[in-house]
Amino acid sequence: ETIVAYISKSVTITSGLSWIAFLYKSSTVLWRSGWRFFTYLAFWFLRARFFGRKAPLQSVIFISDTEFEKSYVCKKIICDSFETKLENSQYAKKNIELTYETKKCEYDRSASFNVDAVDDEESAYILSGNVAGEFIRVEVAPELDAYRLAKYAGTEGIGAAEAALTTGQAAIKALRVASTEMDDAEVPAEDRILFITSTIKGLIDDLDTTASKKVMEGFSEVIKVPQNRFYTGINLTEDGYEKAEGAKNLNFLVVQKSATIQYQKHVAPKVISPEMNQTADAWMFGYRNVGIADVYDNKVKCIYAHSDVQ
């Protein structure tokens with residue numbers, strides 16, 4: 001049984017092996033097992049040669065007329081409301097519906113650049129050792145921040161307000177309004193994250209009062225955001241991103257964590273050495289990032305955006 005299993009496993013992939021390798025494996029089995037297994041060998045050889053697959057499974061290519069969409073599937077559950085109890089102590093019969101919604105990954109960005117092998121040697125390999133990390137720090141992270149925050153702040157139906165916050169008292173008042181509105185909408189108090197500009201955060205810190213500290217304690221996390229990443233809308237360009245026409249500067253943004261769809265579907269950094277580079281004597285660095293930033297339809301009230309006046 002062991003010999004048969006071994007032969008069966010081996011010869012079914014004979015198309016991917018050379019005939020010499022196959023004969024070697026066959027002769028080895030015969031030597032160890034004797035001539036009485038020759039029938040098994042012949043049977044499995046003929047099966048693999050004339051009836052087996054012609055190529056390894058991994059090389060099969062599936063072709064479709066439909067372009068595959070980069071997407072994220074989320075479930076949606078819809079329940080009927082309560083009803084007065086029926087007669088004879090019977091429960092009111094209601095419906096529940098489970099559906100799946102496909103949301104497209106609209107963020108798809110990539111870049112590649114070369115570092116000449118000689119330049120890299122003359123820099124004591126500083127270029128090849130640091131260029132990928134520097135690119136992610138300087139380009140990728142700021143753009144992802146700006147994209148995500150703009151997507152959340154630009155979602156239709158969220159809580160929103162607009163005013164110039166020039167004093168700490170005005171900022172505290174605006175934050176209280178945001179918290180009260182979210183409380184009235186029954187947004188969970190846990191995991192509320194406050195994104196706020198450094199300027200307004202400084203105005204609040206300068207107050208140094210019990211009231212100001214109490215308001216800030218209502219958030220699970222406070223994150224300072226540079227103003228150049230903090231807009232109600234952005235455009236992605238060939239040179240990075242820019243503030244969209246008609247967009248406003250954000251003063252602060254409150255996000256309840258469970259409301260967001262934030263997922264990077266495909267992150268692919270790639271490094272190719274000069275020896276493997278077929279087009280240049282250089283290090284080749286490639287990077288692609290595909291992801292989604294969105295808000296669940298039934299949780300739009302878990303987002304509150306406060307923007308500056310134009």
Side-chain angles (χ1 to χ4, degrees), residues 67-72 103-155 193-199 201 221-253 255 257 260-295 303 305:
E67 181 182 357
F68 290 102
E69 292 188 357
K70 300 178 285 290
S71 58
Y72 175 88
K103 291 182 177 289
K104 189 174 182 180
C105 296
E106 297 180 348
Y107 187 85
D108 188 352
R109 303 281 278 172
S110 64
S112 68
F113 36 88
N114 291 339
V115 175
D116 185 83
V118 176
D119 292 341
D120 189 41
E121 291 177 7
E122 293 178 348
S123 70
Y125 302 101
I126 293 177
L127 286 174
S128 61
N130 294 276
V131 65
E134 189 68 7
F135 173 72
I136 293 174
R137 185 184 70 84
V138 175
E139 298 294 338
V140 177
E143 182 176 292
L144 267 177
D145 285 348
Y147 176 79
R148 290 167 174 170
L149 295 172
K151 288 288 289 185
Y152 302 149
T155 301
I193 301 174
L194 172 63
F195 299 92
I196 189 170
T197 65
S198 299
T199 301
K201 178 64 164 54
E221 188 175 1
V222 178
I223 301 175
K224 292 188 294 185
V225 183
Q227 187 65 78
N228 59 4
R229 306 185 192 183
F230 215 24
Y231 307 118
T232 58
I234 66 167
N235 293 325
L236 298 176
T237 68
E238 295 181 357
D239 298 321
Y241 69 93
E242 62 183 11
K243 182 179 179 181
E245 183 178 357
K248 303 173 183 178
N249 292 347
L250 284 168
N251 293 323
F252 64 83
L253 179 72
V255 178
K257 194 173 181 179
T260 61
I261 305 172
Q262 183 171 296
Y263 174 65
Q264 298 312 112
K265 186 179 183 70
H266 180 72
V267 179
K270 181 186 295 183
V271 179
I272 299 177
S273 67
E275 293 79 13
M276 300 298 294
N277 193 335
Q278 300 298 310
T279 60
D281 181 28
W283 289 89
M284 195 280 281
F285 296 89
Y287 186 87
R288 188 184 183 194
N289 194 319
V290 179
I292 184 174
D294 209 332
V295 179
I303 310 290

Within-4.5 Å side-chain heavy-atom neighbours: Leu253 and Leu149: yes

Nearest-0.5 Å distance, CD1 of residue Ile136 to CG of residue Asn289: 9.0 Å

Minimum heavy-atom distance Lys104-Ile292, with the two atoms named: O-CD1, 3.8 Å

Closest contact, heavy atoms only, Glu106 versus Tyr147: CB-OH, 3.6 Å

Interatomic spacing from CG in Asp239 to CD in Glu139 - rounded to 0.5 Å: 9.0 Å

Approximate separation, where rounding is to 0.5 Å, of Lys201 NZ and Thr199 OG1: 12.0 Å

Residue among Thr232, Asn235, Asn249 satisfying side-chain hydrogen bond (donor to acceptor under 3.5 Å, both in side chains) with Lys243: Asn249

Interatomic distance, Thr197 atom OG1 to Arg229 atom CZ [nearest 0.5 angstrom]: 14.0 Å

From CD1 (Ile126) to CD (Glu134), nearest 0.5 Å: 12.5 Å

Minimum-distance pair of heavy atoms, taken over all atoms of Arg288 and Val290: NE-CG2, 3.7 Å

Over all atoms of both residues, closest heavy-atom pair of Met284 and Ser112: SD-CB, 4.2 Å

Geometric class of the Phe135/Tyr287 ring pair [parallel <30°, tilted 30-60°, perpendicular >60°]: perpendicular

Option passing side-chain contact (heavy atoms from CB on, under 4.5 Å) with Phe230 (candidates Asp145, Asn251, Val225): Val225

Minimum heavy-atom distance between Gly291 and Gln264, given as atom pair plus value: CA-NE2, 3.7 Å

Minimum side-chain heavy-atom gap Trp283-Leu127 below 4.5 Å: no

Asp120 side chain to Ser128 backbone, donor-acceptor under 3.5 Å: yes

Taking every non-hydrogen atom, the tightest pair across Ile193 and Ile223: CG2-CD1, 3.9 Å

Side chains of Thr279 and Asn277, donor plus acceptor under 3.5 Å: yes

4.5 Å side-chain heavy-atom contact, Leu236 and Glu143: yes

Sub-6.0 Å ring centroid separation between Tyr152 and Phe195: no

